[in-house]
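This is a predicted model, so every value here is computed, not measured. Hydrogens, waters and symmetry mates are skipped; everything else that's a heavy atom, side chains included, is used.
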Amino acid sequence: MTALSGSRFNRLLLFKFTHKQTMRILAILFFYLSFVGIANAQFKGKVFLDKNKNKLADTSEPGIANVAVSDGQNVLSTDKEGSFNLPGHSKTRFIFITIPAGYKLTDKHYIKVGETTDKVYNFGLVEDPTSAGTSVKMLQITDTETDKYNDWIVNVKNYAKKQGISFIVHTGDICYEKGLNFHANQITSETLGKQIFYCIGNHDLVKGAYGEELFENLFGPVYYSFDAGPAHFIVTPMRSGDFQPSYTVDEVISWMKNDLAAVDKNKPVIIFNHDLLTYNDQFILKGKNDSINLNDNNLKAWVYGHWHNNFVRKSEKTGIHYISSAPPDKGGIDNSAGQFLSIEIDKNGVKKVKPHYTYLHKHLVVTTPSGSDMVKVKNGALIVNANVYDSETTVMNVKSIIYDGKGNKLAETALTANTDWNWEGKIPVTKLAKGKPLTIQTEVVFADGEQHIQKQSFKIDTETSLKWISNIKGNVWKTAPLFAEGRLFAATIDDGNNINCGITALDPQSGKVLWHYKTRNSIKHEIAYDRGLVLCTDMEGFTYALEASSGELVWKKDLGMKSLPGYISAGVAENGIYYTGAEGYFQALEVKSGKTIWVNKEWRGGEGTPEKMTIAGDVIITGSNWQSLFGHDKRTGKLLWKRSDEGLRFRSSTGKYVNGKLYITGLNAIFVLDPQTGKTLQKIDANYEFKVMASPLVTDKHIIMPTAKHGVVAYDVNTLQETWNTTTGNALVYSAPYAGPESATVECSVIKYKNKLLLGASDGYIYVLDENSGNVLRKINLGAPIFADLSVVENTLYVADFAGNVFALTNF
């Protein structure tokens, strides 16, 4: 049979088919021919030791055996010469390798498939000591969503270099076309000096021939693996996003099965993804026709982003770690601190997780002794307390030296670490003259070898504002010191290893720790007291009722939190009922027993909100960030109303119930609402962002509200006109959603004491303001962000800073 010419072939088709049908048939034929071509292709190459680092396989450079190589579905190992020959498949776009432990690439881990089938795919490796050994250290960054260069990038780069980090993983939302191109040019393995691997997030699926096209052009395949230290690491893609991807879950599962089949079953497996697969203990990835049970494959951790929050937990049943971080360049959606994570992996899985807060360089503030009023002598010793932090390294040691007015050395002491921020020591006062000018010189040695020295003057007087200082060995987030039964209670967080989290009771006269109860996870927000019990709920939705007198656990209840986000809000107690939880586990509990009185069944969804619940008469007010503000009947739990309009769904702030009205903020407005109906009675449209955890203060003259970027603003309570704005310093740690450098953030509510206004700010200062003018009457530098509200009890001001210090101050 002779071959048909093109014109004769078309005429034959047109004889029986329409033009449109003909074109469809031609498209199918061309696709089939393309498929046959790719499926029959042979992808040959070599993995070699690139001794001269020229990225070329020179004849003198040996091949490396037993390295896994993939075409996106098939996975095989190189032979003893380092060679491989992959069959390919219908959607092969890349050939990529699983980088073996103890090595790093001289080029990329992938090579795009060429148009010709005779292309050679060679991968050069060099030895990398940071990737070898029985444990390995990595960094996680996520949700950077930027196309602007800033200091956080330098922080990540320098920390990785100085601390022996092996690699960096970005777990997605890079974000959109501008962000993708920026990261591909500016945040690379070459610019960082460490291998960086990218996950694809929902906002990284952008317009193109298919959702991941731009990502692939810039970063390569959306799923792949590598080894480092004792572990196997797998990068996986989002199921979906802003635009539809071309890959399917079944295709990812098929490749994962082949990838894991080539892995030693004793290796711990760590998976990276932009989101969390499941909140329960069964990590089963399911497609339309296939599935894989990752619990059966030695899964030890799932590292993700997406939620813009800081939340780490470990399953008690499986030992699997769930690790999430807020972005390093800005505050999280639930006001989590901007940070990156260092994660150490050993043969058992996750060994250690540590947050690193960005934009801080050789930060040192000696809180005491300072001046003449921030000085504390206890049991014959001068207390030395310093807050020290650096984003790019760790603190090795701190010491303080005391000099007299002539420069003579009188004494010195080595300081001991209390938390990741705070150091403390003591010096006998017998060596120090009272009432005489003295100088304290504090010297810090960092792990990178750099030193920092600071001097400041002080003198020991009988009158001092500092009554006592006590560090409770954990970071304090939004928990205001609570006074009850002659005791002071505070709560701590641990966003790394869930070790230093819990409730601590202090003697309010001396600061002595009376008892400590460790909770399962962090207590982010305020605690409550009712009927002799201290009540709180942790990030995993576990509620605790502790005897205020002893710290003994009376009852503990799992509220039933079955999905993200973590619980970062705060409940309230009234008349024997504790209201706590969120979404489908928002409920009312009997204080004495923990018995559930009612459970919310009327709404779900949204992000975590650091809004404390507000009791407004017979209504309990709560909310879900990016969802709604809700008013419930506090007796039955029935939903009375909800508001998501006018920025009320983008909220972090707690409401204030005053004279039958609810004062509460939206994104850029302050509302006065009827708590029974949720209807707006009055509204202040503002030029400020109120995305902070603070509450409005309502006085007979003003409505005073902290802001995310411009300190504190006051409005006339009658005319609702702005009367003053006092800007604080730039935040030490950024927490307000999407707030970054140059933000004067105040997360702490303003309180009125006598004729003054008191507040703590994210710049680390306590402020005393004049209410009428907003003028600063006094400020005290504590050297660590103050997120928690202040408490005043019997003329004593109690302040808890992020470094874990609790201060008792008088004469303020």
Do Thr609 and Arg649 meet the criterion of a side-chain donor-acceptor pair at a distance under 3.5 Å? no
Under 4.0 Å between a Lys/Arg side-chain N and an Asp/Glu carboxylate O for Arg93 and Glu212? yes
Between Glu747 and Ser735, is there a side-chain donor-acceptor contact under 3.5 Å, judged purely by atom types and distance? yes
Between Asp50 (side chain) and Lys55 (backbone), is there a donor-acceptor pair under 3.5 Å? yes
Between the side chains of Lys162 and Glu392, is the shortest nitrogen-to-carboxylate-oxygen separation below 4.0 Å, so that they form an ion pair? yes
In this structure, is the centre-to-centre distance between the rings of Phe340 and His356 below 6.0 Å? yes
Salt bridge between Lys257 and Asp259, side-chain N to carboxylate O under 4.0 Å? no
Is it the case that His170 and Tyr198 place a side-chain donor and acceptor less than 3.5 Å from each other? no
Salt bridge between Glu216 and Lys112, side-chain N to carboxylate O under 4.0 Å? no
Lys/Arg N to Asp/Glu carboxylate O, Asp448 vs Lys362, below 4.0 Å: yes
Mind checking whether Phe272 and Tyr304 have ring centres under 6.0 Å apart? no
Check for me whether the distance between the ring centres of Tyr359 and Tyr734 falls short of 6.0 Å. yes
Under 3.5 Å: donor-acceptor pair, side chain of Asp71, backbone of Gln73: yes
Is it true that Ser652 and Asn335 share a donor-acceptor pair across their side chains at a distance under 3.5 Å? yes
With salt bridge (Lys or Arg N to Asp or Glu O under 4.0 Å) as the test, pick out the partner of Lys524 among Asp334, Asp494, Asp495. Asp495
Exercise: do Asp275 and Trp307 side chains pair donor with acceptor under 3.5 Å: yes
Tell me which one of Gln163, His361, Glu450 satisfies side-chain hydrogen bond (donor to acceptor under 3.5 Å, both in side chains) with Thr393. Gln163
Matching residue for His274 among Thr171, Asp173, Thr236 - test: side-chain hydrogen bond (donor to acceptor under 3.5 Å, both in side chains): Asp173
Is there a donor in the side chain of His306 and an acceptor in the side chain of Asp143, or the other way round, less than 3.5 Å apart? no
Would His710 and Val713 satisfy side-chain contact (heavy atoms from CB on, under 4.5 Å), going step by step from the backbone distance to the final call? CA-CA 8 Å; His710 298 93; Val713 62; over 6 Å; no
May I ask you to test the Trp255-Ser70 pair for a side-chain heavy-atom distance under 4.5 Å? yes
Establish, from distance only, whether the side-chain atoms of Thr144 and His183 form a donor-acceptor pair under 3.5 Å. yes
Between the side chains of Glu607 and Ser624, is a donor N or O closer than 3.5 angstrom to an acceptor N or O? no
Among side-chain atoms of Asn310 and Gln339, is any donor-acceptor pair under 3.5 angstrom? yes
Among side-chain atoms of Asn155 and Thr358, is any donor-acceptor pair under 3.5 angstrom? no
With a 3.5 Å distance limit and no angle check, can you tell me whether Asn475 reaches the backbone of Phe802 through a side-chain donor-acceptor pair? yes
Can you name the residues that form a side chain to side chain contact (heavy atoms under 4.5 Å, CB included) with Val249, not counting sequence neighbours? Arg239, Ile253, Leu285
Pick from Phe226, Phe96, Phe233: which one makes a ring pair (Phe, Tyr, Trp, His ring centres under 6.0 Å) with Phe197? Phe226
